[in-house]
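In what follows, a structure is listed as structure tokens, so that the remarks can point back to it.
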Amino acid sequence: MRTHDFLVGDGVDFSRVDERMSGLLDRSARWLGHEDAHRARLGLHELLVNIRRHSYRGGTGPISVAMTASPAAVTVLVTDWGGTLPVGALPDASQGARPSLSGDGGYGLAIIDQVFSDVEYRRACGRNEWVLSVDAADVPER
């Protein structure tokens, strides 16, 4: 299992995140084919854009990204210290519903929802935490 932890700076260039994730997937999650790996990077990029747009209200702020890959799964923990999600973006989690901002001008979380096996969001101690995972068992063999 390999893990990468890093902080995304105040800029909006997420190319370093993409490079890190690509390297991690190439080394530790070979079961994730090229197309699925590309979709996972796209899903993470969409989340980072949504954090800038909604959590930091179009401004900038730190975002922590921790990625872990193994033969069984890829998990990404994304943390930011911005504001909460807009009212109505989080459905009732007790109903098994997942977050959706796709009605708020874009397809960000709809893409994230399609790419990752599991998407969790929580607000704790003044920060937003997202856990995104792709389970090897959920990826069809190609």
Side-chain angles (χ1 to χ4, degrees), residues 1-140:
M1 177 176 1
R2 292 186 185 257
T3 302
H4 283 277
D5 298 310
F6 56 100
L7 192 63
V8 177
D10 286 342
V12 292
D13 179 11
F14 300 127
S15 60
R16 187 164 182 222
V17 174
D18 191 54
E19 290 171 13
R20 292 267 182 114
M21 189 170 194
S22 293
L24 182 67
L25 296 177
D26 288 346
R27 288 187 304 277
S28 303
R30 295 177 191 251
W31 49 268
L32 195 63
H34 177 73
E35 183 178 316
D36 292 317
H38 174 74
R39 289 168 34 104
R41 291 191 315 270
L42 174 64
L44 177 56
H45 184 269
E46 288 294 329
L47 178 60
L48 296 175
V49 168
N50 275 340
I51 288 170
R52 292 279 193 241
R53 180 176 296 139
H54 300 288
S55 183
Y56 288 117
R57 310 291 190 256
T60 60
I63 303 171
S64 170
V65 181
M67 295 182 276
T68 305
S70 72
V74 172
T75 302
V76 182
L77 170 63
V78 180
T79 305
D80 73 79
W81 291 264
T84 59
L85 289 177
V87 174
L90 291 177
D92 184 356
S94 67
Q95 304 293 320
R98 293 161 69 155
S100 176
L101 292 177
S102 55
D104 193 27
Y107 298 103
L109 288 180
I111 291 171
I112 294 165
D113 189 44
Q114 291 175 0
V115 169
F116 292 96
S117 304
D118 192 33
V119 178
E120 297 177 31
Y121 169 83
R122 63 184 164 266
R123 176 82 180 173
C125 301
R127 65 182 180 256
N128 299 301
E129 298 177 338
W130 293 87
V131 180
L132 314 171
S133 63
V134 177
D135 297 322
D138 294 337
V139 176

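We're numbering straight along the sequence, starting at 1.
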Checklist entry - Considering all heavy atoms of both residues, which atom of Tyr56 and which atom of Ile63 are nearest to each other, and what is their separation? => result CE1-CG1, 4.2 Å
Item to check | Non-hydrogen atoms of Gly43 and Ile112 that approach each other most closely | outcome: O-CG1, 3.3 Å
Checklist outcome for this item: Separation between CG (Leu42) and CE (Met21), nearest 0.5 Å, reads 10.5 Å
Checklist entry - Do you know the tightest heavy-atom contact between Trp31 and Val134? => result CH2-O, 3.6 Å
Checklist entry - Taking the side chain as C-beta and beyond, is there a heavy-atom pair between Leu44 and Val78 under 4.5 Å? => result yes
Checklist entry - Can you tell me how far CG of Asp26 sits from NE2 of His34, rounded to the nearest 0.5 angstrom? => result 9.5 Å
Checklist outcome for this item: Value for CD (Glu46) from CD (Gln114), rounded to nearest 0.5 Å, stands at 11.0 Å
Checklist entry - Can you find a heavy atom in the side chain of Trp81 that is under 4.5 Å from one in the side chain of Ser55? => result no
Item to check | Partners passing side-chain hydrogen bond (donor to acceptor under 3.5 Å, both in side chains) against Asp18 (at least two apart in sequence or in another chain) | outcome: Arg41
Checklist entry - How about Tyr121 and Leu132: do any of their side-chain heavy atoms sit closer than 4.5 Å? => result no
Item to check | Closest contact, heavy atoms only, Asn128 versus Gly82 | outcome: ND2-O, 3.7 Å
Item to check | Arg27 to Arg30 - nearest heavy-atom pair and separation | outcome: O-NE, 4.0 Å
Checklist entry - Who are the side-chain hydrogen bond (donor to acceptor under 3.5 Å, both in side chains) partners of Glu129, not counting sequence neighbours? => result Arg122, Arg127
Checklist outcome for this item: Here the gap from Asp80 atom CG to His54 atom NE2, rounded to the nearest 0.5 Å, amounts to 12.0 Å
Next on the checklist: If the condition is side chain to side chain contact (heavy atoms under 4.5 Å, CB included), which residues does Asp138 pass it with, not counting sequence neighbours?
Outcome noted: Ser117, Asp135
Next on the checklist: For a quick test of reading the model, state the closest non-hydrogen atom pair linking Val74 to Ala69 and the distance between them.
Outcome noted: CG2-CB, 4.1 Å
Checklist entry - Is there side-chain contact between Leu77 and Val65, with heavy atoms separated by less than 4.5 Å? => result no
Checklist entry - Looking at residues at least two apart in the chain, or sitting in another chain, which of them share a side-chain hydrogen bond (donor to acceptor under 3.5 Å, both in side chains) with Thr79? => result none
Item to check | Interatomic spacing from CH2 in Trp130 to CG in Leu48 - rounded to 0.5 Å | outcome: 11.5 Å
Next on the checklist: With rounding to the nearest 0.5 angstrom, report the CG to CG distance, Asp118 to Asp113.
Outcome noted: 10.0 Å
